[in-house]
Amino acid sequence: MAYLAFQNINKRFPGVQALDQVSFEIERGSCHALIGENGAGKSTLGKILAGVYTADEGGMVLEGQPICPTNPLAARHLGIAMVHQELAFCPNLSVAENLCLGDLPRHAGWLDKTKMRKLARAMLAEIDCDINVDLPINELSTGQEQLVQIAAALGTKAQIIVMDEPTSSLSLHESENLFQLLAKLKERGITIIYVSHRMEELFRLCDHITVLRDGKHVSTEPIPATNPERVIQQMVGREVKQYTSQHLHKDLGEELLRVENLCSPGKFKDISFTLRAGEILGFAGLIGAGRSEVAQAIFGLDENATGKVFIHGKELALRSVVAALKMGIGLLPEDRKRLGLVLTMNCRENTSLTILNRLSKLGFVRQGQERSMVQGYVDRLHVKTPSIDAPVAGLSGGNQQKIALAKWLARQCKVLIVDEPTRGVDVGAKAEIHHLLDELACQGLALMVISSELPEVMNLSRRIIVMRQGDIAGELARQDFSQTNLMRLMAGIEAKAA
Amino acid sequence: QTKKSYTIGLVAKSQGNPVFQAARVGAVDAAKELGKKYDINIKIDWRTPNEEDAQKQAEAIEQLVLAGADGIAVSCSDANKLTDAINSAVKNGVPVATFDSDAPASKRFVTYGVDDIKCGEQVMEELAKVMGGKGVIAILAGNQNAPNLQKRVQGVKNAAKKYPGITIRDTYYHKETPQDAAAKVEQVMQANPDITGWAMIGGWPLFTDNALKWQAGTIKCVSVDALPAELAYLKSGHVQILLAQQVYEWGYRSTEHLINKIHLKKNPENVKDVSPLIPVTKENVDAFAKNWEKWLPK
Amino acid sequence: MSANNSPATPVRSRRLRLQEGGLLVVILLLGVLLTVFGGSVKVPKFETNAEGERVRVFRTNESGDKEPVLVEKNKFLNAQNLAQVAKDTSFIAIMAVGATFVIISGGIDLSVGAIYALASVLGALVLQRCGPEGAHAGLSPWISVSLGMLACVGTAVLCGFLNGGMIVALRVHPFIITLGTMAILRGVAFVITKGQSIGGFPQAFRDLIRWEIGDGLSLVPLVVMIIVTIVGGIYLARLATGRRVYAIGGNELASKFSGIQVNRVKLSVYIISGLTAGIAALLSIGYYGGATSGDGQGYELNVIAAAVVGGASLAGGKGSALGALLGALVIQLITTGIVILQIDQNYSQIIMGIVVIVAVVLDQLNNLLAKRRLLSHSK
Amino acid sequence: MSANNSPATPVRSRRLRLQEGGLLVVILLLGVLLTVFGGSVKVPKFETNAEGERVRVFRTNESGDKEPVLVEKNKFLNAQNLAQVAKDTSFIAIMAVGATFVIISGGIDLSVGAIYALASVLGALVLQRCGPEGAHAGLSPWISVSLGMLACVGTAVLCGFLNGGMIVALRVHPFIITLGTMAILRGVAFVITKGQSIGGFPQAFRDLIRWEIGDGLSLVPLVVMIIVTIVGGIYLARLATGRRVYAIGGNELASKFSGIQVNRVKLSVYIISGLTAGIAALLSIGYYGGATSGDGQGYELNVIAAAVVGGASLAGGKGSALGALLGALVIQLITTGIVILQIDQNYSQIIMGIVVIVAVVLDQLNNLLAKRRLLSHSK
Ligand SMILES: Nc1ncnc2c1ncn2[C@@H]1O[C@H](COP(=O)(O)OP(=O)(O)OP(=O)(O)O)[C@@H](O)[C@H]1O
Ligand SMILES: Nc1ncnc2c1ncn2[C@@H]1O[C@H](COP(=O)(O)OP(=O)(O)OP(=O)(O)O)[C@@H](O)[C@H]1O
Ligand SMILES: [Mg+2]
Ligand SMILES: [Mg+2]
């Protein structure tokens, strides 16, 4: 008998059938991959197991006992924990407090802070993560937050852990740590449900793979019995074409962006580089290397930034988003929930937010034009949404990311900075996004691509700048691209001069 | 030798109510006149809460004592709450006079004004007179949580018992702004067109000029207070009688009593110094209006 | 591409319609309740005489006395009463539309009552000067009325600008800034008037705002309220600037990242809130003919309550102008209802409190049901 | 790994200390201002006579009259005045501590003024029964005092429970629920008292709360205020349940995910807010000796203002008990200052408004400077 079985799970949301008669089984101590396009229902399934949602119909059986956790606490009592895709913390509390929130260590009613810190440190040490536990959460970068999230789930000593895209904003190094940890967990007999869009990971880590498509169960197979192409075929239902970057074959245009000695105390210092029209410049680095901070500073969001930025030879007034936008800079931020989207608005309103002026006549938003523009992007990026008027908060993580990106694609900037553009996006759509970025470069845009996925930067960029601890550690030209070269620079081991 | 100087604290019920502004003018005038008369300096220290709040009044009295006031006049929002504050002021050597609303159990040496229950009774009696002793009336009463207004309501009801021909529809409360009061009158008349008389124990709606939308005389109205803005209704015949409280005298007489006490060491003949309500009608309205030239704050 | 957005439109608009539908149901219910249980009332009959004045009709009864002719009407459902309800609603409703802007943007404006008072007082002072007993009584009615309006509305806009400017420049929470200006502006109004009532406006001004049609219905406040709601509604729903108000209320940081000039939008909503307070003040001094520094005391809570009952979310990002109007109407109907049903006034506060909560609960329930229905449709 | 978190601890706590430091500076500044510019005052000298009563000291002057002996004191900086400031602060401060709980949790409680009134009234009724003219005058003072306290505080807790319960059960925004209960509870208080003032309490009760030491200093309100602040501070900062209040204010969903019983925490904060209103009410009826249904009118805004001036964030997740106390103190000092500096009362509102804004701006500036310093240190 299977350890955990899903039986005919149904879940509806307004306008969508998120899960449709999903049944499959999971073995004890296995690492079970869950894959599917954005909006296929992976997170929903995980959340039902973790007690965040309850299924409309169907049930789950754990070791022969039917279970029905109605809230996260009940799930936890059943030994189920979840690493959520959308990072959920109390921003005002410290790392330690967040980590121990569910079960604060008490000493006769008093909060035992020493013990809390110790516990938190132990939880972080478990995943080999080195973060000051007294920092408030809102001072962490997205990647660090993700690590804390993983530590929190592991810290509950659960028997079943659902990991919903745990590596989506981790770089290679941190991911590697996580994989080792997962292996250890498996040895301990802990069952892992692993959701990811990174195919390599799944084939390396997992024992079984379940594919979902449009809320329906497609297949559950042991890993050795399948291969990536087959899985993609199952989840997308068609071939995914691999794009080769076209822009590399075009000539570069004039210099569009020039950054000179950009500094921000405590974040980064002396950043200088240039970017030409038609060029894609990759930014690599470990978590907390300061890539996002540089991007935000160029976009005018860093109040303490000093240095010089030139757009098309004209100096840009620092510390002003308005100026940056006027000069044609765009930034897709990495934290889509906090910085990228207005969750109270719908897809249409979010997408048109950056171009309201262009879309309006005498102050009135031209709704027809708006609709057709948004619909175009929604179709192009395969956003799975019941309609363009559906609230963006109801979209799956990957689809939210697509909306956030569409917003900037619509803006048609001269210099576009994209920070983790494909975070949480499925393979099909990822290829489409890469294609789009490539197309933009061909059209003569200058792009800065920040990504923690090395294959992504390597595939797209003409050059890669590697950052380490707020410094530029080095720059690689296309011919020198290799994982080892990059890793060396990222980790601080000097690469041989190329 | 420098002139002797006295500070008189004046604590009324609420800053925004124009009747107390007139009291303040009265006190200031008294300070000037008495100062000249006795060759002393008198300063009026006005410490009135923005909105009616007995606790704030008590605090104001305590603060005035600490700040060295020589005498205090207060119009008590809540007699119970102010009794101890008054007593402790007296104990600290600061004599206290009350005006408008008294704290009878306290050690104030004099009280000037009319009893609120009597005031209500008088309103009803005047109204009954002009209505010929029969009809349906409504009482308009402002903030329902103000004890002095409740006493006036009580007075109206007491007096109404004497007139079997008169029924009271209800007591209507409103936020104490002229507009809310006027709107309330309109609403009540909409719903109860059979009402033939209004007993207004506070004249809030009469500060607007559009409160009484009936043909003059068809419905009788008696109201407390006769401020300048209210007098027009007498002239137009919408209001038959305004019972003027001696608002200017509240301040003037209180100051006089206090100066008598602290400077001349003279106690009033009677602890209760009754100030009658002055009926203002169409006949004497012009004469009465002249008073306001003196009573308005400059 | 255009094919698959056709099913989307009805989903959204249907839900929107239903959203305010909850309140409409509450209002209808209250209306029916008042019509049925309010009973009827006999009122004197009026006619317009030769001089164009409305006078009562009299007849001589059996005993030879002159007696007014009475007609029977439903207490609630008659033109006079409905006009009265509309007029009483209008002041709060107009301000609530402005407050809705502020609330959607994620802010709060506690100073509307004080702005209302200061605008009333300054407008009244100017009008008094131009009034029959004023120093400038000779001015042409047009000029004097315009001057008064300008003083009243201008003051209010200026106050709104002050609020917005301080909120943006000092980066202090709007609750504190507007709490401060609430005291400051009322204090200024008091100092200016010395606590006295100001009246005696030019007749032209009074006639304009009290202009009556038919059987003594004065509809100017009603019309202004409807205009303000429509303009506000269009601003919020159709204009790019309106979209920005929702955006900064939903996520200020993300809006900033999208290049919205957050400060400018914030400034604008406080100015709009001031403006609506000014319009309400203008109507009120015109209608009632007097102003004191105590006017509008405590209105801030009524106004915010109307906006919130009307569906605005204090967390920002949600709300509508029509909702604000309906919210104000619900609250006014309760007040009117208590008078019409002749419920003991002593219980009026208790009833008011309960009905406000019940109205919001019902509204919420309706939204929930709408969602449910949507869910089952999508099956 | 453990090496790099050692510097963090002092950083955090230093910043915390500095946070309330901003307000302390404002308060000190106000104090110095009042001491220097307030000037001095002559007050009669007191001594304790044989019977243990405080009586004035008299002397005979040149002209043979008996004349009280006067001593000169600084108007602001003297024991009596400081005790007075503390007492005047205490009512709002105690409630502000409770309001801070609610605000930290991301809610708002507009009904504190009404709870204060209802608790006062019910407590007063019980005490009146046991008072010298009451039906149960014979009861032992201990029992009657306890009964009165129970009635007063118990009512308030019950009201808080009602608020919390409805907010949790009906899932309506606390603004609406407490706006509703604000009207309901005050309405109930009115119906119970019929608008009359209630007094005549047992002497034992009055003596307990007005208990004086030394030179006529009555310190019971001060002591209670300090106890409430300390207990509240410990609850928030040191207890596990306190963390949960911060957590749900910071991110309700995340708190739910980590297994916090959000509803229970919410319920608790409204009960606490009610409790503090009850304690304040008890002190006030004891100290002033009377209660009416109009008590505490408008206090909700004062209380929230004190909490917010004290650093509580209306967005939730931030605030402290000490801050609430200091916030209330700032506001009280302004009121006292206006009396001491003999500023015309007409300007009091204007000054109050300005100083509240300035205090918050200064406090914010201080926080900013502290952060800057921290940044440059960490460089
Ligand atoms: N709270 C919600 N309200 C409305 N619709 C929702 C909600 N949560 C999920 N959905 C819908 O359910 C479907 C499944 O979403 P889910 O988040 O499970 O996708 P996913 O497989 O995790 O996708 P991704 O790879 O993008 O994370 C999507 O179409 C989404 O729009
Ligand atoms: N708001 C903030 N306040 C203080 N420090 C911050 C803040 N945001 C980020 N940091 C710190 O700045 C450093 C750089 O973070 P940044 O997000 O730029 O890194 P990154 O290279 O983009 O990595 P990631 O992959 O995590 O996005 C991190 O160490 C982070 O802790
Ligand atoms: Mg997902
Ligand atoms: Mg980053």
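Below, chains carry the letters A, B, ... as their sequence lines are ordered, and counting in each starts from 1. FYI, side chains are in, hydrogens and waters are out, and symmetry mates aren't considered; it's all heavy atoms of this structure.
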Heavy-atom proximity to chain A below 4.5 Å, by part of D/Glu252: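 The answer is neither part of D/Glu252.
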query: Is there a donor-acceptor pair closer than 3.5 Å between any side-chain N or O of A/Asn71 and the backbone N or O of D/Gly259?
result: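 It does not hold such a pair.
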message: Determine whether a donor-acceptor pair (N or O, by modelled atom type, separation under 3.5 Å) exists between the side chain of D/Arg244 and the backbone of A/Leu101.
response: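 Such a contact is absent between D/Arg244 side chain and A/Leu101 backbone.
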Heavy-atom distance under 4.5 Å between the side chains of [X] and [Y], does that happen here?
| X | Y | answer |
| --- | --- | --- |
| A/Leu111 | D/Arg238 | no |
| D/Asn251 | A/Phe89 | no |
| A/Asn92 | D/Lys318 | no |

query: Highest number of heavy-atom pairs under 4.5 Å with chain A: which of D/Ala237, D/Ser258, D/Ser255?
result: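 The answer is D/Ser258.
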So which heavy atom on [X] is nearest to which on [Y], and how close?
| X | Y | result |
| --- | --- | --- |
| D/Phe257 | A/Arg76 | O-NH2, 4.0 Å |
| A/Trp110 | D/Leu239 | CA-CD2, 3.9 Å |
| D/Ala254 | A/Cys90 | CB-N, 4.2 Å |

Spacing of CZ belonging to A/Arg106 relative to OG1 belonging to D/Thr241, to within rounding of 0.5 Å: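 Taking CZ in A/Arg106 and OG1 in D/Thr241, the distance rounds to 8.0 Å.
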- prompt: Quick one: of A/Met116, A/Lys113, A/His107, who has the most non-hydrogen atom pairs under 4.5 Å with chain D?
  reply: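 Top option by heavy-atom pairs under 4.5 Å: A/Lys113.
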message: Looking at chain D, which one of A/Ala75, A/Pro105, A/Gly102, A/Ala153 has the largest number of heavy-atom pairs inside 4.5 Å, strictly under?
response: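 Of the options given, most contacts go to A/Gly102.
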message: Applying side chain to side chain contact (heavy atoms under 4.5 Å, CB included) to D/Tyr246 and A/Leu93, what does each step give before you reach the verdict?
response: CA-CA 8 Å; D/Tyr246 283 97; A/Leu93 299 184; 3.7 Å; yes
Greater than 12 external heavy atoms within 6.0 Å of D/Tyr235's OH: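 Yes, because the 6.0 Å sphere around OH of D/Tyr235 holds more than 12 heavy atoms from other groups.
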message: Would you say that more than 12 heavy atoms from the other residues, nucleotides or ligands in this model lie under 6.0 Å from the NZ of D/Lys256, or not?
response: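 Atom NZ in D/Lys256 is not crowded, with 12 or fewer foreign heavy atoms closer than 6.0 Å.
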